[in-house]
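Below, chains carry the letters A, B, ... as their sequence lines are ordered, and counting in each starts from 1.
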Amino acid sequence: MHSDFFTRDPVDCARDLVGCEFVWKGCSGKIVETEAYRTVGDEACHTFFRPAVRDFVARCAPGDAYVYLNYGVHWLFNIVVKGKGGDGFVLLRALEPVAGLEEMRQRRGGISDKLLTAGPGRLTQALGIGRGDHGLSFLETEGCAIVPGKPSELVSGPRIGISKAKDLPWRFGDRDSGYLSRKF
DNA sequence: GCCAGGATGTTA
DNA sequence: AACATCCTGGCG
């Protein structure tokens, strides 16, 4: 998948990524859950209160990685969207493991496969994503790709873990996946 | 199965 | 102070 996939509406990008395969340096998983954030008018988006993140978006290209540390503990992986109608992010929230299972199990300390990548912090740990990947144009990076695909049943609902703009239905998922971070 | 609490770094 | 989370331990 090419970076111009991310020159559209952030909410459309988040919806259309569900069912695609996220390939990352020897490991991969089917994307079963995402969330959309908009840089303008969305109080839950980091750009709303943080000038440094606004600067980051201004400098980088669509399809680049926005990686940040959350709760001082977990790295979360987002993809930068720069659409005609507005910029934003897609947060990857859950994967269904496809390849590189042994490596992911090791990184996750031997936890059960159900919990390997079922959450935004869990999937980055499984894939070995961290601080060094912030700003990476990963779609043009060796060993990284997004392979188009479709979910069996697309559903949406409110985003998880936020205190502002909590009613927008910008969380998307594959309804019957056993690897969601939470049920819809 | 559910809930409470703690770990922890960065920002404004 | 707040935070786009995860894990553990205590219940029963």
Side-chain angles (χ1 to χ4, degrees), chain A residues 6 9-18 22 24 27 29 31-60 63-83 86-97 104-136 138 155-174 177-184:
Chain A
F6 297 99
D9 186 284
V11 178
D12 291 339
C13 288
R15 184 189 299 110
D16 293 346
L17 279 175
V18 178
F22 183 58
W24 186 270
C27 297
I31 300 171
V32 296
E33 185 182 338
T34 63
E35 279 176 3
Y37 290 83
R38 282 192 201 281
T39 58
V40 175
D42 177 7
E43 281 193 273
C45 188
H46 287 166
T47 53
F48 201 88
F49 291 108
R50 292 158 71 158
V53 180
R54 289 197 285 272
D55 291 347
F56 170 75
V57 173
R59 284 198 317 271
C60 71
D64 286 356
Y66 168 50
V67 179
Y68 79 96
L69 186 62
N70 134 99
Y71 289 95
V73 181
H74 301 103
W75 295 98
L76 269 55
F77 184 85
N78 299 252
I79 305 171
V80 174
V81 178
K82 303 186 96 166
D87 299 342
F89 305 108
V90 176
L91 170 68
L92 294 192
R93 286 198 55 91
L95 306 173
E96 175 182 327
M104 293 196 276
R105 288 184 190 114
Q106 282 188 9
R107 291 203 189 96
R108 295 275 295 126
I111 201 165
S112 81
D113 285 1
K114 286 289 181 207
L115 296 175
L116 259 191
T117 53
R122 291 168 173 158
L123 72 90
T124 55
Q125 188 185 14
L127 296 173
I129 291 173
R131 149 181 275 136
D133 299 305
H134 182 54
L136 182 66
F138 71 98
V155 285
S156 65
R159 297 174 291 183
I160 289 181
I162 55 174
S163 56
K164 318 224 164 142
K166 44 166 75 135
D167 294 328
L168 294 170
W170 289 355
R171 173 181 178 231
F172 300 97
D174 195 343
S177 170
Y179 298 88
L180 298 172
S181 70
R182 265 173 55 177
K183 284 185 169 163
F184 277 83

Within the structure shown, what part of the strands sits under 4.0 Å from [X] by heavy-atom distance: base, sugar-phosphate, or nothing?
X: Arg171(A); value: nothing
X: Ser163(A); value: sugar-phosphate
X: Leu91(A); value: base
X: Arg108(A); value: sugar-phosphate
X: Arg50(A); value: sugar-phosphate

Pick the nucleotide of DNA chain C nearest each of Leu115(A) and Gly72(A); which residue has the one closer to the 5' end? Gly72(A)
Name the residue closer to the 5' end of DNA chain C, choosing between Gly119(A) and Lys164(A) according to the nucleotide with the nearest heavy atom. Lys164(A)
Over how many whole Å does the gap from [X] atom [atom1] to [N] atom [atom2] extend?
X: Phe48(A); N: dA2(C); atom1: CZ; atom2: C1'; result: 16 Å
X: Glu33(A); N: dA4(C); atom1: CD; atom2: C1'; result: 11 Å
X: Leu116(A); N: dC7(C); atom1: CG; atom2: P; result: 10 Å
X: His134(A); N: dT11(B); atom1: NE2; atom2: C1'; result: 13 Å
X: Arg122(A); N: dT8(C); atom1: CZ; atom2: P; result: 10 Å
X: Tyr68(A); N: dT5(C); atom1: OH; atom2: C1'; result: 9 Å
X: Phe56(A); N: dT10(B); atom1: CZ; atom2: C1'; result: 16 Å
X: Arg182(A); N: dC7(C); atom1: CZ; atom2: P; result: 16 Å

Hey, could you give me the NE2/CZ distance between His46(A) and Phe56(A), rounded to the nearest 0.5 Å? 12.5 Å
Roughly how far apart are Ile129(A) CD1 and His74(A) NE2, rounded to 0.5 Å? 14.0 Å
With both distances under 3.5 Å as the test, what is the Watson-Crick or G-U wobble partner of dC11(C)? dG1(B)
Sort out the partner of dA4(C) for me: Watson-Crick or G-U wobble, both distances under 3.5 Å, none otherwise. none
With a cut-off of under 6.0 Å to the ring centre and 45° to the axis, is Arg159(A) in cation-pi contact with Tyr37(A)? yes
Using side-chain heavy atoms (C-beta onward) and a distance below 4.5 Å, is Arg105(A) in contact with Asp113(A)? yes
Does Thr124(A) reach the side chain of Asp133(A), with side-chain heavy atoms less than 4.5 Å apart? no
With respect to the side chain of Ile162(A), which nucleotide from dG9(B), dA4(C), dC3(C) is positioned closest? dA4(C)
Side chain of Arg131(A) only, heavy atoms from C-beta on: which candidate in dC7(C), dT10(B), dA4(C) is closest? dT10(B)
Among all residues two or more places apart in sequence or in another chain, which pass the salt bridge (Lys or Arg N to Asp or Glu O under 4.0 Å) test with Arg108(A)? none
If you measure from the ring centre of Tyr37(A) to the centre of the six-membered ring in the base of dA4(C), is it under 5.5 Å, with the planes under 30° apart? yes
Aromatic plane relationship, Phe138(A) with Trp24(A) - under 30° parallel, 30 to 60° tilted, over 60° perpendicular: tilted
Here the residues of residues 73-80 of chain A within 4.0 Å heavy-atom distance, strictly under, of DNA chain C are His74(A), Leu76(A), Asn78(A)
Of all heavy-atom pairs linking Phe48(A) and Glu43(A), the shortest is CZ-CG, 3.5 Å
